[in-house]
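Okay, structure first, notes after.
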Amino acid sequence: MQTKTTPGAMLKAMREKPPLVQCITNYVAMNIAANVLLAAGASPAMVHAAEEAGEFAGIASALTINIGTLSTQWIDGMQAAAKAATSAGKPWVLDPVAHYATAFRRNAVADLLALRPTVIRGNASEIIALAGGESRGQGVDSRDPVKQAEGSARWLAERQRAVVAVTGAVDFVTDGERAVRIEGGSALMPQVTALGCSLTCLVGAFAATAPEDIFGATVAALSTFAIAGEEAALGAAGPGSFSWRFLDALAALDAETLDARARISAA
């Protein structure tokens with residue numbers, strides 16, 4: 001039996017048996033998120049309609065939910081899918097995009113949190129606000145450093161019994177007991193729309209591959225993104241050329257390179 005104890009081993013296992021990941025994400029992110037999953041070796045499915053989202057979640061290996069472009073109909077689909085994933089024992093990931101911005105978003109994310117996501121991934125401002133703190137977030141953009149959100153992430157992980165990932169210049173992942181920081185990536189990444197949303201989908205793919213180790217799977221997904229971002233930046237002249245180079249770097253990344261270059265430290 002293959003062990004999946006390192007990011008590289010998880011990446012290899014995912015490519016050997018590509019998981020079907022149901023991505024309920026926003027309009028802006030659909031194309032890049034699907035391409036990211038394909039480049040990494042997973043199989044994306046953008047299924048969000050309330051009439052089929054719950055049924056499909058029972059088929060998929062994992063579910064990811066991103067509240068970037070909300071509507072009442074989409075919320076119905078999100079809730080149906082989350083309930084079905086939980087009932088089927090499938091991991092699901094919540095990306096609470098700008099949940100603090102309006103009452104509509106706050107109510108939607110509160111209802112989704114009650115359905116117990118396996119992983120919560122957000123930027124520092126989103127995680128601080130989700131834990132009840134005051135953030136400096138503006139729309140979908142974080143105005144808080146990741147380090148400032150680490151305490152909020154630990155509290156949220158304990159309260160929700162979930163893995164919490166705070167992404168930024170240096171990522172932070174915790175399950176309330178363990179915690180690590182992950183270095184890497186590129187300053188160009190925030191200039192390419194929906195890369196963070198795509199990362200949420202990739203977390204779902206790794207979680208499907210190693211459901212027995214959700215913490216390790218989350219760390220592996222973030223490490224994969226970080227190394228691909230570093231590689232893509234080497235020849236990029238700006239965000240446009242970085243975008244396609246990132247997909248190529250992700251597709252070219254192998255298990256040995258990932259394990260050799262991943263910079264993961266205890267926090």
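Numbering of residues begins at 1 and proceeds along the displayed sequence.
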Item to check | CD/Glu212: more than 12 non-hydrogen atoms of other groups inside 6.0 Å | outcome: yes
Checklist entry - Is the shortest heavy-atom distance from the side chain of Ile182 to the side chain of Arg263 under 4.5 Å? => result no
Checklist entry - Does the side chain of Glu150 reach to within under 4.5 Å of the side chain of Val166, using non-hydrogen atoms? => result no
Item to check | Side chains of Thr224 and Leu258 in contact at under 4.5 Å (non-hydrogen atoms) | outcome: yes
Item to check | Glu231 with Arg245: basic N within carboxylate O range, under 4.0 Å | outcome: no
Item to check | Exceeds 12 heavy-atom contacts within 6.0 angstrom, atom CD of Glu52 | outcome: yes
Checklist entry - Would you say the side-chain atoms of Asn66 and Thr200 include a donor-acceptor pair closer than 3.5 Å? => result no
Next on the checklist: Quick one, Ile214 and Phe206 - any side-chain contact, counting heavy atoms below 4.5 Å?
Outcome noted: no
Next on the checklist: Looking only at the side chains, is there a donor atom on one of Arg116 and Thr86 sitting less than 3.5 Å from an acceptor on the other?
Outcome noted: no
Next on the checklist: Between Phe242 and Gln191, is the side chain to side chain contact (heavy atoms under 4.5 Å, CB included) condition met? List the steps.
Outcome noted: CA-CA 9 Å; Phe242 176 88; Gln191 297 181 46; over 6 Å; no
Next on the checklist: Could you tell me if Arg178 sits above the aromatic ring of Phe215, with its cationic atom closer than 6.0 Å to the ring centre and no more than 45 degrees from the axis?
Outcome noted: yes
Next on the checklist: Using side-chain heavy atoms (C-beta onward) and a distance below 4.5 Å, is Ser61 in contact with Lys90?
Outcome noted: no
Checklist entry - Got a sec, which residues hit side-chain contact (heavy atoms from CB on, under 4.5 Å) with Ser71, two or more places apart in sequence or on another chain? => result Gln73, Trp74
Next on the checklist: With heavy-atom distances below 4.5 Å as the criterion, would you say the side chains of Asp259 and Pro7 are in contact?
Outcome noted: yes
Item to check | Glu126 vs Tyr100 side-chain heavy atoms within contact, under 4.5 Å | outcome: yes
Checklist entry - Any side-chain heavy-atom pair from Glu183 and Glu230 closer than 4.5 angstrom? => result no
